[in-house]
Asker: 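Below you will find the structure I want to go over with you.
The chain is numbered in sequence order, starting from 1. As the structure is a prediction and not an experimental result, all values here were calculated from the model.
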Amino acid sequence: MALILGLIVNAVALWVATLIVPGISLYETAGVADIDAGAIDNEVSVPTIAALLIVAVVFTLINAVIKPIVQLLSLPLTILTLGLFLLVINALMLMLTSWVTTTFQLFGAEYLVSGFWAAFFGAIVIGLVNWVLGMVIPTRARD
């Protein structure tokens, strides 16, 4: 249940970043013939939710597998910048999610991040939304 809630929270955070940050957009690629036919603007429909969940799964897997390795390798730089380099790492993970969903379009969704600054501000928005929703959604009781 916690995994499903985490995926839903990530999907909502990615959607909010799509709405707020100008350089981030979400496209459906499954069954799309025209270039702009799959563009998702501000609408929420079943294919949009499915595309967001697909991107959330990719984002969660990247954050679970690759992010700890990158954090460990960049530990001296993170200490030197008093933790601010973690924002850069989060932006890089968002750019990697964009690259994976764009390169392997078999997922049915494409999450485009136009550049580093869009990824940087998108990572801040995603972090803030995850933090707020983490405070609102109840978790397991701590022993």
Asker: What is the distance from atom CG of Leu133 to atom CD1 of Ile8, rounded to the nearest 0.5 Å?
Answerer: 11.0 Å
Asker: Can you name the closest pair of heavy atoms from Ala91 and Ala123 and give their distance?
Answerer: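 For Ala91 and Ala123, the tightest heavy-atom pair comes out as N-CB, 3.7 Å.
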Asker: Enter the distance from Ile20:CD1 to Leu128:CG here, rounded to the nearest 0.5 Å.
Answerer: 9.0 Å
Asker: Quick check: do Ile126 and Val16 have side-chain heavy atoms less than 4.5 Å from each other?
Answerer: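 Answer no - side chains too far apart.
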Asker: Clusters formed by hydrophobic residues whose side-chain heavy atoms approach within less than 4.5 Å: which one holds Leu3, and what are its other members?
Answerer: none
Asker: State yes or no: do Leu77 and Val88 share one hydrophobic cluster built from I, L, V, M, F, W and Y residues joined by side-chain heavy-atom distances below 4.5 Å, directly or via other members?
Answerer: yes
Asker: Taking transitive links into account, so neighbours of neighbours count too, which hydrophobic residues share a cluster with Ile69 at under 4.5 Å side-chain distance?
Answerer: Leu73
Asker: Cluster partners of Leu75, using ILVMFWY side-chain heavy atoms under 4.5 angstrom, listed by chain and number?
Answerer: Ile79
Asker: Please determine whether residues Val57 and Ile24 belong to a single hydrophobic cluster, defined as Ile, Leu, Val, Met, Phe, Trp and Tyr linked transitively by side-chain heavy-atom distances below 4.5 Å.
Answerer: no
Asker: Considering only residues two or more places apart or on different chains, which pairs with a residue in residues 113-129 satisfy side-chain hydrogen bond (donor to acceptor under 3.5 Å, both in side chains)?
Answerer: none
Asker: Which residue, Ile89, Leu14, Val125, Val21, forms the side-chain contact (heavy atoms from CB on, under 4.5 Å) with Leu94?
Answerer: Leu14
Asker: Could you state the interatomic distance from CG (Leu52) to CH2 (Trp15), rounded to the nearest 0.5 Å?
Answerer: 8.5 Å
Asker: Calculate, to the nearest 0.5 Å, the distance between atoms CG and CD1 belonging to Asn130 and Ile137 respectively.
Answerer: 9.5 Å
Asker: Can Val132 be reached from Leu19 by stepping across I, L, V, M, F, W or Y side chains whose heavy atoms are under 4.5 Å apart?
Answerer: no
Asker: With sequence neighbours left out, which residue pairs that include part of residues 59-68 fulfil the side-chain hydrogen bond (donor to acceptor under 3.5 Å, both in side chains) condition?
Answerer: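 Checked against side-chain hydrogen bond (donor to acceptor under 3.5 Å, both in side chains) - neighbours excluded - the pairs reaching residues 59-68 are Asn10-Thr60, Lys67-Asn90.
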Asker: Under the 3.5 angstrom rule, does the side chain of Thr102 hit a backbone N or O of Trp99 as a donor-acceptor pair?
Answerer: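 Not a single qualifying donor-acceptor pair exists.
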Asker: Using a 6.0 Å cut-off, check whether atom CG of Leu84 has over 12 heavy atoms from anything other than its own residue.
Answerer: yes
Asker: Could you pull out the closest heavy-atom pair between Ala17 and Gly122, with the gap in Å?
Answerer: CB-O, 4.2 Å
Asker: Locate the shortest heavy-atom distance separating Thr18 from Ser25; write the atom from each residue and the value.
Answerer: CG2-CA, 4.0 Å
Asker: Drop me the distance from Leu26's CG to Thr101's OG1, to the nearest 0.5 angstrom.
Answerer: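 Here the interatomic distance stands at 8.5 Å.
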Asker: Taking the side chain as C-beta and beyond, is there a heavy-atom pair between Leu80 and Phe85 under 4.5 Å?
Answerer: no
Asker: Between CG of Leu86 and CG of Leu92, what distance do you get to the nearest 0.5 Å?
Answerer: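 Leu86 atom CG to Leu92 atom CG measures 11.5 Å (nearest 0.5 Å).
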Asker: State whether the side chain of Ser98 and the backbone N or O of Tyr111 hold a donor-acceptor pair below 3.5 Å, judged by distance alone.
Answerer: yes
Asker: Which pairs with one or both residues in residues 71-85 pass side-chain hydrogen bond (donor to acceptor under 3.5 Å, both in side chains), sequence neighbours excluded?
Answerer: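 side-chain hydrogen bond (donor to acceptor under 3.5 Å, both in side chains) check on residues 71-85 returns no pairs.
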Asker: Is there a path of hydrophobic side-chain contacts, each under 4.5 Å between heavy atoms of I/L/V/M/F/W/Y residues, joining Leu61 to Val113?
Answerer: no
Asker: Could you see if Trp131 belongs to whatever hydrophobic cluster contains Leu7? Use Ile, Leu, Val, Met, Phe, Trp, Tyr and a side-chain cutoff under 4.5 Å.
Answerer: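 No, it is not one cluster - the side chains of Trp131 and Leu7 are not joined through contacts under 4.5 Å.
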Asker: One pair to check against side-chain contact (heavy atoms from CB on, under 4.5 Å): Met93 and Val70. What are the steps and the verdict?
Answerer: CA-CA 9 Å; Met93 295 303 111; Val70 173; 3.9 Å; yes
